[in-house]
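Predicted model only: the values in this text are computed from it and were never measured. Chain identifiers are assigned alphabetically (A, B, ...) following the order of the sequence lines, protein sequences preceding nucleic acid strands; residue numbering begins at 1 within each chain.
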Amino acid sequence: MIEMNNVYKVYDNGVTALNGVKTTIDNGEFVYVVGPSGAGKSSFIKMMYREEVPSKGHVKINHVDIGDMKDKQVPYLRRSIGVIFQDFKLLPKLTVYENVAFALEVIEENPRKIRRRVMDVLDKVGLKHKARFIPAQLSGGEQQRVAIARAIVNNPKVVIADEPTGNLDPDTSWEIMRIFEEVNATGTTVIMATHSKDIVNKIRRRVIAMENGQIVRDEHRGEYGYED
Amino acid sequence: MKINTFKRHFREGTKNLVRNSWMTVAAVGAVTTTLVLVAAFLMLMLNLNQIADNIESDADIRVFIDLSAEEDDIDELGQNIGELNRVEEFYFSSKDEELEALVEDLGEDGEAWELFEQDNPLNDVYVVETYEAEDLAGVASTIEGFSNVDDVDYGSETVDRLLQFNQYARYIGITFIAALLLTAIFLISNTIKMTITARRDEIGIMRLVGAKNSFIRWPFFVEGMLTGVIGSVIPIALVLGGYHFLYINLNDRLNFQFIELLPWNPFAWQLSLMLLAIGAFIGIWGSVMSVRKFLKV
Ligand SMILES: Nc1ncnc2c1ncn2[C@@H]1O[C@H](COP(=O)(O)OP(=O)(O)O)[C@@H](O)[C@H]1O
Ligand SMILES: [Mg+2]
């Protein structure tokens, strides 16, 4: 369970990205986060795996305040959450296979299991045949799918995706959504910032709409709700 | 850490050498250059040390006893010498023994001296050894003040100078080697740092996907160690080959009594092992230093 209470985020340059955010996301939910560029969607998401810490207020993951968390505990938090970053954050010198395997190597999974899991998940995102490529040899959409594969490979409790379909053609986008629904169906919480009106309106889930660092709407089975 | 994880770090460290190939070349080059210089200095220093040791153990004081001294006087002098603190041991050598030794030392030239056998012009002698070569001068001058002493000799000039030279050589050598090692560590960590601006992002990503600092550090450790080991290959080859050459060519020519080079085996091997250890050490140090900063926060 993710709880935010009165969360503010002011960056070093003085920009206020979150301006008093309060919400609760239960285990197993599927949540879209929508809103115009600069609304604070990414900042909101970054609080959940402690890429950023709140300037004020509290963020709790399973009742543990991440503000009180010791540095040593952070890796464990991040292992329990699969993140698909807006800019992918793939390791440029590692192959597709190695990038995905990395998430399992950090938890010291045994090599045989790593091989099987990685190939399974690459198959799932349709990139098995490019396992030996490095990120620079892939298209934006393919890199995004590698990022997805890495995020879900160790069956995390929560999957967080920052505009995961931003670079994909419609067909691939639906394919990716199918993967997220599958992951969600096994009880994993899915939180996804998106600009895709089509997806939000077709696959109806909870919608959190943000503007100027605040939550302006929070509806179950909501609509995208505004024109870009 | 699980054994598989350890293997993974080793594999990763090895791959990093290949992935950052130009940096590897630069870092290995830095280690190689340093170790070649270190090896040259160590060869020189350790041999000087050896020479000094030889001098120190060879050096003794020869106390020439007055020709007029009676047996009682000689015994008394011996007693006085024996009571000195810094004297390790001493023995009496009669003038006949002295002549015999002299004849033997000179070989064929010595035959001429055999004529003196009837009328030996040499003195009876006390040969005195001190604990430390540094005590020679002091002990010698004390003994010079005893009665029935004709003269005292301990090769003062040569010994003093050699000792002093060797002392300086040691200080200079140690300073130089320390400076070299620091330079190498600095060079290596800087070389790695050049690629680390790129690696900084990679380290950030690793942390974001749940890697602990130790997990990130280990491959760097391996990478540094391998850089050092690879960098020590050429220096070791040079030591093994070069010292062999030196030993064969120099040792015969430098045929003085106490100037003898350390024997190739085991010296060259010991030095090689030392270079390998130093190489690995500076490689690891440089590499781990370079990531340290990025693992904070
Ligand atoms: N690291 C940062 N440093 C400074 N300002 C930032 C940083 N990240 C985001 N911002 C600013 O915070 C605001 C919200 O950004 P963001 O959370 O990325 O919104 P969104 O993802 O909805 O586009 C923007 O004005 C952005 O410029
Ligand atoms: Mg964003």
Side-chain angles (χ1 to χ4, degrees), chain A residues 45-46 48-53 70-95 97-115 134-136 146-154 156-158 160 162, chain B residues 1-25 27 191-223 226-227 287 290-297:
Chain A
I45 280 172
K46 285 175 181 171
M48 301 174 184
Y49 56 93
R50 208 177 184 263
E51 182 172 348
E52 297 291 352
V53 287
K70 297 212 175 65
D71 286 348
K72 278 189 185 285
Q73 295 172 299
V74 175
Y76 297 97
L77 168 71
R78 290 176 178 167
R79 292 169 193 182
S80 69
I81 299 174
V83 183
I84 297 134
F85 303 93
Q86 196 163 5
D87 56 354
F88 318 139
K89 295 203 189 300
L90 299 176
L91 293 162
K93 295 197 192 89
L94 303 195
T95 63
Y97 178 93
E98 290 166 336
N99 262 287
V100 177
F102 192 87
L104 294 174
E105 287 170 352
V106 297
I107 58 171
E108 307 202 31
E109 191 58 88
N110 83 59
R112 210 167 327 122
K113 198 159 172 203
I114 291 180
R115 218 166 301 135
I134 60 165
V146 179
I148 293 168
R150 180 180 61 188
I152 64 174
V153 72
N154 69 343
K157 295 272 189 312
V158 180
I160 295 174
D162 201 346
Chain B
M1 186 165 55
K2 291 183 183 171
I3 182 78
N4 281 322
T5 306
F6 186 77
K7 283 190 206 159
R8 180 262 173 203
H9 291 321
F10 205 87
R11 202 173 52 236
E12 207 59 23
T14 318
K15 281 187 187 168
N16 279 343
L17 288 179
V18 182
R19 288 178 189 134
N20 305 290
S21 47
W22 74 260
M23 179 214 72
T24 303
V25 171
T191 318
I192 294 177
K193 252 184 218 158
M194 273 187 250
T195 53
I196 213 136
T197 7
R199 286 195 187 186
R200 176 212 309 247
D201 298 337
E202 294 170 33
I203 289 170
I205 295 172
M206 292 177 192
R207 288 160 64 98
L208 279 176
V209 297
K212 288 192 226 172
N213 283 348
S214 60
F215 189 90
I216 295 169
R217 201 182 295 117
W218 263 104
F220 280 93
F221 184 93
V222 173
E223 193 179 332
L226 291 175
T227 303
S287 178
S290 68
V291 270
R292 217 180 44 160
K293 191 164 90 198
F294 302 111
L295 291 177
K296 286 186 188 144
V297 182

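Heavy-atom distances place no part of L77(A) under 4.5 Å from chain B, backbone and side chain included. Proximity to chain A involves both the backbone and the side chain of R19(B), based on heavy atoms less than 4.5 angstrom apart. The contact between K15(B) and chain A is made entirely by side chain atoms (from C-beta outward), counting heavy-atom distances below 4.5 Å.
Atom CG of L208(B) is separated from atom CZ of R50(A) by 12.0 Å, given to the nearest 0.5 angstrom. To the nearest 0.5 angstrom, E98(A) atom CD is 8.5 Å from R11(B) atom CZ. The CG atom of L94(A) lies 6.5 Å from the CE atom of M206(B); values are rounded to the nearest 0.5 Å. Atoms CG and CD1, from N4(B) and I114(A) in turn, are 8.0 Å apart once rounded to the nearest 0.5 Å. In this structure, CD1 in I3(B) is found 13.5 Å from CG in N110(A), a value given to the nearest 0.5 Å. In this structure, the separation between CD1 on I205(B) and CG on D87(A) is 7.5 Å, given to the nearest 0.5 Å.
You'll find the side chain of K93(A) reaches within 4.5 Å of the side chain of N20(B), heavy atoms only.
Taking every heavy atom of both residues into account, G210(B) and R79(A) meet most closely at O-NE, 2.7 Å. Shortest non-hydrogen contact noted between E105(A) and F215(B) is O-CE1, 3.4 Å. When all heavy atoms of E202(B) and L91(A) are compared, the closest pair comes out as O-CD2, 3.5 Å.
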Residues K212(B), K72(A); criterion side-chain contact (heavy atoms from CB on, under 4.5 Å); working and verdict = CA-CA 8 Å; K212(B) 288 192 226 172; K72(A) 278 189 185 285; over 6 Å; no

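Comment: K2(B) does not engage E108(A) in a salt bridge, judged by the lack of any side-chain N to carboxylate O separation of less than 4.0 angstrom.
Of the listed residues R150(A), K89(A), E51(A), the one with more heavy-atom pairs under 4.5 angstrom with chain B than any other is K89(A).
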